2 protein chains.
Amino acid sequence: MLPKATRTHGYQQVASILEAEIVSGRLKIGELLPIEAELAEALGVNRSTLREGLRALESDGLVRRVAAKRLQVVAPDPARVALTNARALGLRGASFRDLWEVQMQLEHFAAHQAAERASDEQIAAIRASVEELIPSLDDDQAVVRHDIAFHSLVSHAAGNAALELATAPIGLLLFSATQHLYQAVPAARHRLLAAHRAISDAIANRDAGLASDWMRRHIADFRRGYEIAGFDIHANIELSYSSPFGPSSG
Amino acid sequence: MLPKATRTHGYQQVASILEAEIVSGRLKIGELLPIEAELAEALGVNRSTLREGLRALESDGLVRRVAAKRLQVVAPDPARVALTNARALGLRGASFRDLWEVQMQLEHFAAHQAAERASDEQIAAIRASVEELIPSLDDDQAVVRHDIAFHSLVSHAAGNAALELATAPIGLLLFSATQHLYQAVPAARHRLLAAHRAISDAIANRDAGLASDWMRRHIADFRRGYEIAGFDIHANIELSYSSPFGPSSG
DNA sequence: GTTGTCATATTGTCGGACAATGATAGTCTC
DNA sequence: GAGACTATCATTGTCCGACAATATGACAAC
């Protein structure tokens with residue numbers, strides 16, 4: 001019974017080593033990596049092998065190509081992470097009920113914290129988001145986009161990275177699953193607008209309790225709409241696919 | 001303002017295409033991918049380029065090497081995803097307070113749901129986890145490992161994939177941050193054992209309210225211990241590093 | 001000082017090669 | 001005929017060398 005020699009390949013070691021360097025802080029965020037030829041020599045592997053390892057890091061969002069073709073160490077972009085998580089949830093067969101339950105636990109808290117902590121710019125962004133919805137209230141796609149953006153802004157305004165990371169993929173999945181809800185339930189879009197406006201106002205007025213209450217009702221109402229539209233609460237939710245590779249401009 | 005010509009490279013297209021195939025379900029979970037030579041030819045790229053794309057997919061947890069050296073489509077392993085998220089949270093500077101706040105919202109709910117939905121096997125596993133802790137209560141590392149495992153088991157028993165995904169990275173970070181807490185606060189380990197036992201019993205008795213209450217107190221107590229130990233609630237939490245590449249036996 | 005041109009550096013991609021190793025078929029023994 | 005053993009094959013992981021495309025920086029022209 002030898003130690004089972006977990007066959008760990010070169011490219012895995014490359015990724016593992018660089019990842020450890022980044023997580024441990026020896027490679028700092030923003031730092032530029034050496035050119036591939038140097039890195040390969042330093043790690044004692046061929047450039048091809050090195051590149052395979054780099055692809056893994058890039059996919060994890062730990063490095064990215066930057067202007068001068070060089071690789072830069074970066075902190076994972078929340079939007080990317082959210083997309084990855086949403087995909088994972090979709091593939092693991094999360095149901096509307098699963099997602100909604102978690103959302104019910106988190107969103108009202110996000111609204112509460114946003115009311116207490118949001119900066120003036122963040123409040124302005126939230127208000128602007130609501131205002132922008134009004135002219136395109138008839139466009140289902142636009143409503144969904146706004147819905148995702150609004151809740152994302154509120155979570156962000158709560159000033160809690162963990163909260164933001166937890167809510168983002170759920171919002172992404174849940175709201176994109178409502179693309180065809182607004183035809184079945186015409187009143188939904190107006191109720192959504194009213195709720196978002198109320199939440200927005202409460203946050204702007206620093207009324208955490210009111211913001212929290214409105215959000216709670218809003219999420220509860222969201223589920224009712226989903227059920228009224230005749231969708232199955234227990235069916236798996238699939239991520240309706242939107243362009244996976246943004247320029248990642250964060 | 002021209003369309004910004006997003007230079008998308010070959011290996012990115014490879015990853016993107018295969019990812020879309022998997023997410024859309026055209027490539028089903030468990031299916032084996034063709035050999036690299038065939039895939040490369042089918043996609044019109046060199047094997048080197050293909051492999052770089054595959055590394056990205058592998059890193060995303062969408063495929064893995066399986067027995068016959070072949071690549072198999074898999075649903076992302078929750079443990080892997082949790083580790084990725086924990087790393088992202090650490091690098092984005094999440095504080096103990098951030099993590100704790102979210103945990104406070106989710107863990108009591110997890111206990112509640114576990115009491116209602118856990119299978120007999122899951123209840124047995126939770127009980128066993130608590131029992132196993134007793135003989136090694138003096139070993140700080142073992143306490144931390146148990147702590148992570150226990151909360152993970154409870155979340156899993158709640159039968160909600162989204163809840164599990166949201167809580168796992170937070171537990172990973174929070175509990176691994178307590179490695180040096182038990183020396184500063186000797187009573188902590190006994191309070192932890194008592195709480196876990198009470199939660200375990202409540203779940204076994206299907207008493208959702210009691211399980212939820214105990215968990216709430218347990219998490220609140222956890223924070224008190226952290227503060228009493230003199231740790232800074234607002235300091236960034238770093239992921240103490242543990243072997244990133246498990247055999248991923250899930 | 002701005003613009004255009006050139007040399008240089010670096011990446012992305014290709015093709016080929018080979019050792020290691022797991023899978024497979026075929027052979028031998030009973 | 002069943003099972004153990006062996007030789008063959010297929011496939012991956014890794015290396016090497018090469019080249020076009022392109023961004024950078026230096027330099028010349030205006």
Side-chain angles (χ1 to χ4, degrees), chain A residues 1-19 27 30-74 244-245 247-249, chain B residues 2-19 27 30-74 244-249:
Chain A
M1 288 304 159
L2 289 178
K4 190 56 179 54
T6 34
R7 184 102 185 84
T8 149
H9 296 294
Y11 63 86
Q12 290 175 333
Q13 290 186 26
V14 167
S16 193
I17 289 174
L18 291 178
E19 180 188 320
L27 277 174
E31 207 167 321
L32 292 180
L33 260 53
I35 64 173
E36 293 180 347
E38 284 180 29
L39 256 184
E41 192 188 354
L43 293 173
V45 298
N46 189 273
R47 192 162 77 97
S48 304
T49 304
L50 175 88
R51 281 175 62 86
E52 291 191 26
L54 289 180
R55 260 0 110 208
L57 281 189
E58 205 173 67
S59 178
D60 279 346
L62 293 179
V63 301
R64 70 167 179 202
R65 287 273 167 225
V66 82
K69 291 183 169 183
R70 300 285 293 278
L71 279 174
Q72 186 181 35
V73 178
V74 294
F245 285 100
S248 171
S249 59
Chain B
L2 291 177
K4 193 56 178 53
T6 35
R7 184 106 186 83
T8 149
H9 295 294
Y11 62 88
Q12 290 175 333
Q13 291 186 25
V14 167
S16 194
I17 289 174
L18 291 178
E19 179 187 320
L27 276 174
E31 207 167 321
L32 292 180
L33 260 52
I35 64 173
E36 293 180 348
E38 285 180 28
L39 256 184
E41 192 188 353
L43 293 173
V45 298
N46 188 273
R47 191 162 80 96
S48 305
T49 304
L50 175 89
R51 283 176 61 85
E52 291 190 26
L54 289 181
R55 261 359 110 207
L57 281 189
E58 206 174 67
S59 178
D60 279 346
L62 292 178
V63 301
R64 68 166 181 205
R65 288 271 168 228
V66 81
K69 291 183 169 183
R70 300 284 293 279
L71 279 173
Q72 186 182 35
V73 178
V74 293
F245 285 99
S248 171
S249 58

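Given the structure is predicted, the values throughout are model-derived calculations rather than measurements. Throughout, protein chains are lettered first and strands after them, A, B, ... in sequence-line order, and every chain is numbered starting at 1.
Separating the CG atom of Leu71(B) from the P atom of dG13(D) is a distance of 7 Å, rounded to the nearest angstrom. Computed from coordinates, the Leu32(B) CG to dT12(D) C1' distance equals 15 Å when rounded to whole Å. In this structure, CG of Leu39(B) is placed 13 Å from C1' of dT11(D), rounded to the nearest angstrom. Whole-Å rounding puts the Leu33(B) CG to dT11(D) P distance at 14 Å. Between the C1' atom of dG25(D) and the CZ atom of Arg70(A) lies a distance of 14 Å, rounded to the nearest Å.
Residues that satisfy the side chain to side chain contact (heavy atoms under 4.5 Å, CB included) test with Thr49(B), not counting sequence neighbours, are Tyr11(B), Val45(B), Asn46(B). For Ile35(B), the side chain to side chain contact (heavy atoms under 4.5 Å, CB included) criterion is met by Ala37(B), Glu38(B), Arg70(B), not counting sequence neighbours. Taking the salt bridge (Lys or Arg N to Asp or Glu O under 4.0 Å) definition, one finds that Glu58(A) meets it with Arg55(A), sequence neighbours left out. With sequence neighbours excluded, no residue forms a side chain to side chain contact (heavy atoms under 4.5 Å, CB included) with Glu41(A).
Here the closest non-hydrogen pair linking Gly53(B) and Ala15(B) is O-CB, 3.8 Å.
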Please encode protein proximity along nucleotides 12-18 of chain C as a string of B, S and -, counting only heavy-atom distances under 4.0 Å.
BBSB-B-
Residues Arg65(B), Glu36(B); criterion salt bridge (charged side-chain N to carboxylate O under 4.0 Å, His left out); working and verdict:
CA-CA 12 Å; Arg65(B) 288 271 168 228; Glu36(B) 293 180 348; 2.9 Å; yes
